[in-house]
Trainee: 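Pasting in a structure now, in structure tokens, and then I'll have a few things to ask.
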Amino acid sequence: MDLFNKVKQHVLDELNSMVTAGELPSGLDMTSVSVEPPRDPLHGDMATNAAMVLSKSAKISPRKIAENLANRLSNLDIVENSQVAGPGFLNLRINIKAWQAILNRILELGSDYGRSGLGENLRVNVEFVSANPTGPLHIGHTRGAVFGDALSKLLSFAGYNVTREYYINDGGSQVDTLARSVYLRYLEACGQEVVFEEGTYPGDYLVPVGQSLKEKVGYDYMDKPEDYWINDVRKFATDAMMTLIKGDLAVLGIHMDTFFSEKSLYGGGKIEKAIESLKSKNLIYDGILDSPKGKKVEDWEPRNQTLFKSTSHGDDVDRPIKKSDGAWTYFAPDIAYHFDKIERNFDQLIDIFGADHGGYVKRMKAAVAALSDDKVKFDIKLTQLVRLFERGEPLKMSKRAGTFITLRDLVDQVGSDVTRFVMLTRKNDAPLDFDFEKVLEQSKDNPVYYVQYASARIHSVFRKAKEAGIQFDQKQMQNATFCNITHEAEIKIAKKLAEWPRLVEISAKTHEPHRIAFYLYELASDFHSLWNKGNEIEKLRFIQENDQPLTFEKMAMISAVLVVISSGLAILGVEPATEMN
RNA sequence: GGCUCCUUAGCUCAACUGGAUAGAGCAGCCGACUUCUAAUCGGCAGGUUGAGGGUUCGAGUCCUUCAGGGGCCGCCA
């Protein structure tokens with residue numbers, strides 16, 4: 001159990017004894033009692049709001065409760081002193097031994113330090129990327145990919161059973177367009193001259209697909225009507241695109257557990273079944289939608305459509321699931337797909353969309369709520385767009401001008417670690433500026449190198465220590481006493497490390513992996529600060545030439561720092577550096 | 001027009017889902033390299049959290065009105 005929870009448990013225990021002693025009324029709701037690090041470290045190591053939260057229902061002034069609680073807590077070994085402050089905060093200063101003991105704990109648990117049981121092994125489905133299988137992934141997909149993968153890693157670390165899933169949009173007309181485009185490249189490979197007209201994909205990446213199609217079928221598809229080849233080419237082309245996309249993802253170290261084909265929903269009654277389920281809840285009806293107000297829609301005319309009553313679950317208007325010609329809208333397979341996820345018994349669903357799909361959030365949430373009778377938790381995270389810059393100048397992307405930046409371009413230029421880290425240094429719903437020069441700049445401007453440098457410095461100390469003939473192995477370090485690790489700057493680091501398990505849980509609960517990146521930056525900062533203090537205060541250097549036992553303690557301490565940096569970077573999907581070059 | 005996300009220091013962003021005197025980095029100014037790699041550190045300065053109202057012990061955070069910006073808005077997925 002991490003230190004904050006431990007102290008919280010103490011607080012709750014004492015509150016309960018106060019109830020037993022008749023100093024507090026029974027039946028109080030203590031769920032909102034929290035123990036947190038205060039913003040201002042001068043206030044102490046931890047603060048609890050217990051008195052303020054309980055005073056109203058207990059009908060006792062907050063200060064009175066706080067003072068009582070303070071007296072009781074100060075009897076505990078781990079509490080150095082406790083003080084009532086402000087409107088009724090109770091500030092606790094924790095005994096230095098508890099911070100030193102954290103280091104032992106970290107070394108003992110290693111990469112499991114911070115791992116949490118929060119998720120109770122609940123099954124979570126994280127769906128992300130899900131780009132149309134019509135071409136390589138571009139920069140917008142990259143952010144969704146990195147975010148989804150880091151969130152998945154984070155949730156795993158927090159005790160969830162995570163499935164990474166990709167929804168292949170292979171059922172719509174865009175794959176016909178793809179097939180026709182590949183057919184043109186095929187004809188080209190057969191020696192014909194071709195023209196890419198409006199409504200086809202002219203990208204070079206289809207050239208090898210056309211060639212391999214020719215290798216497969218020879219000249220058989222030449223001069224044949226579309227009916228003859230379209231089915232085969234469609235499958236051939238989408239398979240090729242998915243291979244391409246999987247390769248793109250692999251460049252970032254991302255591997256999906258499941259690829260779910262939209263097409264597989266058709267023909268087997270899956271869509272009908274999902275709609276039937278909604279129908280049984282009286283949520284499907286035939287009707288005519290009003291024209292959207294304030295926005296002119298050319299050639300608008302009222303059409304009779306089959307509609308899903310999404311307004312019954314918080315949407316603004318009901319949504320069509322069947323077009324006037326009787327064909328499904330894209331929303332219908334989406335409903336069926338989420339129904340399928342529910343039927344696969346996931347406890348929670350998470351979808352990651354680009355911000356341009358923000359308009360679909362309400363209807364998807366309505367659908368999942370209706371289909372699962374509100375039983376399946378469903379969160380949709382939107383990733384805002386990435387703005388590219390080169391030397392401070394915005395980079396205009398245009399497919400036609402060929403200045404279209406793909407995921408591969410990006411990773412080729414800056415590498416996977418930098419791409420991943422930078423994409424995670426911003427909240428998902430904030431736009432992200434990505435400057436090709438800046439992200440490669442090796443300075444503290446650049447959080448990637450800043451954190452990497454901290455880990456490299458630790459490795460460097462290890463190398464120096466080894467050269468100096470200082471022996472230290474993992475087992476021994478676990479049992480270090482740390483009684484000489486007492487300086488403010490050192491304890492500050494121990495405190496920071498103690499926050500790690502809490503931070504993991506908060507990040508997992510809020511589905512916000514960026515918090516990990518910010519935390520690592522702060523930890524690195526505390527470490528660099530301590531390092532530089534060694535310039536002035538010799539005692540703070542990690543290698544103490546004439547004091548092997550002290551050096552050993554310090555090795556163990558920075559080893560604990562390295563453990564947390566490594567775990568944090570692992571969640572982000574970034575390799576810790578052993579040296580800078 | 002509707003929905004949605006956003007607006008915090010000159011700039012780029014945090015703020016532990018409601019806690020105390022709102023924090024970092026950059027840019028600016030001052031200072032630290034004979035070192036465990038200065039790819040770093042210390043200090044100074046910088047704020048009516050877009051504006052108003054509300055909820056309560058307490059609001060950057062929740063509700064509401066307004067202003068500004070991004071995204072989306074029936075037979076494209």
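This structure is a prediction, so every number in the text was calculated from the model and none was measured.
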Trainee: Is the phosphate of A38(B), meaning OP1 or OP2, less than 4.0 Å from a side-chain N or O of Trp531(A)?
Mentor: yes
Trainee: Measuring from the side chain of Asn132(A) (C-beta onward, heavy atoms only), which nucleotide among U17(B), A77(B), C16(B) has the closest atom?
Mentor: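 Selected nucleotide: A77(B).
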Trainee: With a non-hydrogen cut-off below 4.0 angstrom, is Asp325(A) in contact with a base, only sugar-phosphate, or nothing?
Mentor: nothing
Trainee: May I ask you to say what His514(A) touches in the nucleic acid, namely base, sugar-phosphate or nothing, with a heavy-atom cut-off under 4.0 Å?
Mentor: sugar-phosphate
Trainee: Of all the choices, G19(B), A20(B), C36(B), which nucleotide is nearest to the side chain of Met52(A) once you look at every atom?
Mentor: G19(B)
Trainee: Compare the ring of Phe89(A) with the six-membered ring in the base of A20(B) and state whether they stack (centres under 5.5 Å, planes under 30°).
Mentor: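 So Phe89(A) counts as stacking on the base.
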Trainee: Verify whether the ring centers belonging to Tyr167(A) and Phe353(A) lie closer than 6.0 Å.
Mentor: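 Aromatic pair excluded; centres sit 6.0 Å or further apart.
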Trainee: For U65(B) versus G10(B), give the span between their C1' atoms, rounded off to a whole number of Å.
Mentor: 31 Å
Trainee: U37(B) P sits how many Å from Arg463(A) CZ, rounded?
Mentor: 8 Å
Trainee: What's the NZ-P distance between Lys365(A) and C72(B), to the nearest Å?
Mentor: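 Taking NZ of Lys365(A) and P of C72(B), I get 20 Å after rounding.
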Trainee: Is there a side-chain polar atom (N or O) of Lys322(A) under 4.0 Å from OP1 or OP2 of C75(B)?
Mentor: no
Trainee: Applying a 4.0 Å non-hydrogen cut-off, can you work out what Pro133(A) is touching in the nucleic acid: base, sugar-phosphate, or nothing?
Mentor: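 If one applies the 4.0 Å heavy-atom cut-off, Pro133(A) turns out to touch nothing in the nucleic acid.
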Trainee: What's the closest nucleotide to the Asn91(A) side chain, out of U4(B), A14(B), A20(B)?
Mentor: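 Closest of the options to the side chain of Asn91(A): A20(B).
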Trainee: Rounded to whole Å, please give me the gap between CD1 in Ile458(A) and C1' in C36(B).
Mentor: 12 Å
Trainee: Output the rounded distance in Å from CG (Asp379(A)) to P (U17(B)).
Mentor: 16 Å
Trainee: Do Arg426(A) and C13(B) have a side chain to base donor-acceptor pair shorter than 3.5 Å?
Mentor: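 No pair found.
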Trainee: Select one nucleotide: of U40(B), A39(B), C16(B), the one nearest the side-chain heavy atoms of His528(A).
Mentor: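 Out of U40(B), A39(B), C16(B), the nucleotide with an atom closest to His528(A)'s side chain is U40(B).
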Trainee: When you measure from the side chain of Lys464(A), which nucleotide among C36(B), C6(B), C75(B) comes out closest?
Mentor: C36(B)
Trainee: Who is the Watson-Crick or G-U wobble partner of U49(B), with both distances under 3.5 Å?
Mentor: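 In the structure as shown, U49(B) has no Watson-Crick or wobble partner.
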Trainee: Give Ala85(A) one of three labels, base, sugar-phosphate or nothing, depending on what nucleic acid heavy atoms sit under 4.0 Å from its own.
Mentor: base
Trainee: Between the base of U40(B) and the side chain of Asn532(A), is there any donor-acceptor pair under 3.5 Å?
Mentor: yes
Trainee: Strictly by Watson-Crick or wobble contacts shorter than 3.5 Å, is anything paired with A27(B), and which nucleotide is it?
Mentor: none
Trainee: Any side-chain N or O of Lys509(A) less than 4.0 Å from the OP1 or OP2 oxygen of C16(B)?
Mentor: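 Checking Lys509(A) against C16(B): no side-chain N or O falls below 4.0 Å of OP1 or OP2.
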Trainee: May I ask you to decide if the ring planes of His514(A) and Phe518(A) are parallel, tilted or perpendicular, using 30° and 60° as cut-offs?
Mentor: perpendicular
Trainee: Using a cut-off of 6.0 Å, state whether more than 12 heavy atoms not belonging to Glu67(A) lie near its atom CD.
Mentor: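 It does: Glu67(A) CD has more than 12 such atoms within range.
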Trainee: Provide, to the nearest angstrom, the distance between the OH atom belonging to Tyr453(A) and the C1' atom belonging to C36(B).
Mentor: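 To the nearest whole Å, that distance equals 10 Å.
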Trainee: By nearest atom, which of the nucleotides C57(B), U37(B), A15(B) is closest to the Pro87(A) side chain?
Mentor: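 Between C57(B), U37(B), A15(B), the one nearest the side chain of Pro87(A) would be C57(B).
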Trainee: Scan Lys56(A) against the nucleic acid and name what it touches under 4.0 Å (heavy atoms): base, sugar-phosphate only, or nothing.
Mentor: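 Sugar-phosphate, no base atom in range.
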Trainee: Of the options C16(B), A77(B), A14(B), whose atoms approach the side-chain atoms of Lys427(A) most closely?
Mentor: A14(B)
Trainee: Using a 4.0 Å heavy-atom cut-off across all strands, classify Pro333(A) as base, sugar-phosphate, or nothing.
Mentor: nothing
Trainee: Decide yes or no, distance alone: a donor-acceptor N/O pair under 3.5 angstrom between the base of C75(B) and the side-chain of Arg303(A).
Mentor: yes
Trainee: Within this structure, what is the CD-to-P distance between Glu536(A) and G43(B), rounded to whole angstrom?
Mentor: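 Distance, rounded to whole Å: 11 Å.
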Trainee: With C1' as the reference atom in both, quote the distance from A59(B) to U48(B) in angstrom, rounded to an integer.
Mentor: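 The same atom, C1', in both gives a distance of 15 Å.
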Trainee: Using atom C1' in both nucleotides, what's the gap between U49(B) and C44(B) to the nearest angstrom?
Mentor: 23 Å
Trainee: Test Phe421(A) against every option in Asp417(A), Val418(A), Leu424(A), Thr425(A) by the side-chain contact (heavy atoms from CB on, under 4.5 Å) rule and name the one that passes.
Mentor: Thr425(A)
Trainee: Compare all side-chain heavy atoms of Tyr450(A) with those of Ser525(A) and state whether any distance is below 4.5 angstrom.
Mentor: yes
Trainee: Rounded to the Å, how far apart are Phe518(A) CZ and U12(B) P?
Mentor: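 Taking atom P of U12(B) as the reference, CZ of Phe518(A) is at 14 Å.
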Trainee: Quick one: which of C16(B), U40(B), C3(B) gets closest to the side chain of Arg515(A)?
Mentor: C16(B)
Trainee: Over 60° means perpendicular and under 30° means parallel, so classify the ring planes of Phe462(A) and His459(A), tilted if in between.
Mentor: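 His459(A) and Phe462(A): perpendicular rings.
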Trainee: Mind checking Ala47(A) for me? I need base, sugar-phosphate or nothing, with any heavy atom below 4.0 Å counting as a touch.
Mentor: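 The answer is base, as Ala47(A) lies within the cut-off (heavy atoms under 4.0 Å) of a base atom.
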Trainee: Using a 4.0 Å heavy-atom cut-off, does Arg457(A) contact any base of the nucleic acid, only the sugar-phosphate backbone, or nothing at all?
Mentor: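 Sugar-phosphate, backbone atoms only, no base.
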Trainee: Reading RNA chain B from 5' onward, which residue's closest nucleotide shows up sooner: Glu579(A) or Lys323(A)?
Mentor: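 Looking at the nearest nucleotide for each, Glu579(A) comes out on the 5' side.
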Trainee: Would you classify Glu262(A) as touching base, sugar-phosphate or nothing, given that sugar-phosphate means primed atoms plus P, OP1 and OP2, and contacts are heavy atoms under 4.0 Å?
Mentor: sugar-phosphate
Trainee: Specify the residue among Asn49(A) and Gly534(A) whose closest nucleotide of RNA chain B lies further upstream toward the 5′ end.
Mentor: Asn49(A)
Trainee: Report the base-pairing partner of C16(B) (Watson-Crick or G-U wobble, both distances below 3.5 angstrom), or none.
Mentor: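 WC or wobble partner does not exist here.
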Trainee: Quick one about Thr134(A) and Gln174(A) (side-chain donor to acceptor, distance below 3.5 Å, no hydrogens or angles considered), yes or no?
Mentor: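 Not at all, the side chains of Gln174(A) and Thr134(A) share no donor-acceptor pair under 3.5 Å.
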Trainee: Could you tell me which nucleotide pairs with A59(B) by Watson-Crick or G-U wobble geometry, both distances under 3.5 Å, or answer none if nothing does?
Mentor: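 The base-pairing partner of A59(B), which may sit in any strand shown, does not exist here.
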Trainee: Between Glu165(A) and Lys341(A), does any NZ, NE, NH1 or NH2 come within less than 4.0 Å of an OD or OE carboxylate oxygen?
Mentor: no
Trainee: Ignoring backbone atoms, test whether Ser529(A) places a side-chain nitrogen or oxygen under 4.0 Å from the OP1 or OP2 oxygen of G42(B).
Mentor: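 Answer is yes, contact under 4.0 Å.
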Trainee: For Glu467(A) and C36(B), give me the distance from atom CD to atom P, rounded to whole Å.
Mentor: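 It is 11 Å, rounded to the nearest whole Å.
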Trainee: Going by a 90° cut-off around 0, is U49(B) syn or anti?
Mentor: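 Because its glycosidic torsion lies more than 90° from 0, U49(B) adopts the anti conformation.
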Trainee: Does the side chain of Tyr360(A) get closer than 4.0 angstrom to OP1 or OP2 of C3(B) through an N or O atom?
Mentor: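 So the side-chain polar atoms of Tyr360(A) never come under 4.0 Å of the phosphate oxygens OP1 or OP2 of C3(B).
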Trainee: With a 4.0 Å cut-off on heavy atoms, is Ile543(A) in touch with a base, just the backbone sugar-phosphate, or nothing at all?
Mentor: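 Since a base atom lies under 4.0 Å of Ile543(A), the category is base.
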Trainee: Of the nucleotides C41(B), C76(B), C13(B), which one has an atom closest to the side chain of Ser173(A)?
Mentor: C76(B)
Trainee: Between C41(B) and Tyr450(A), is there an OP1 or OP2 to side-chain N/O distance shorter than 4.0 Å?
Mentor: yes
Trainee: Indicate yes or no: at least one non-hydrogen side-chain atom of Leu54(A) is less than 4.5 angstrom from one of Met30(A).
Mentor: yes
Trainee: Counting only Watson-Crick pairs (N1-N3 plus N6-O4 or O6-N4) and G-U wobbles (N1-O2, O6-N3), all under 3.5 Å, who is the partner of U40(B)?
Mentor: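 Partner of U40(B): A32(B).
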Trainee: Cationic tip of Arg319(A) within the cone over Phe331(A)'s six-membered ring, i.e. under 6.0 Å and within 45° of the normal?
Mentor: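 Pair Arg319(A)/Phe331(A) does not count as cation-pi.
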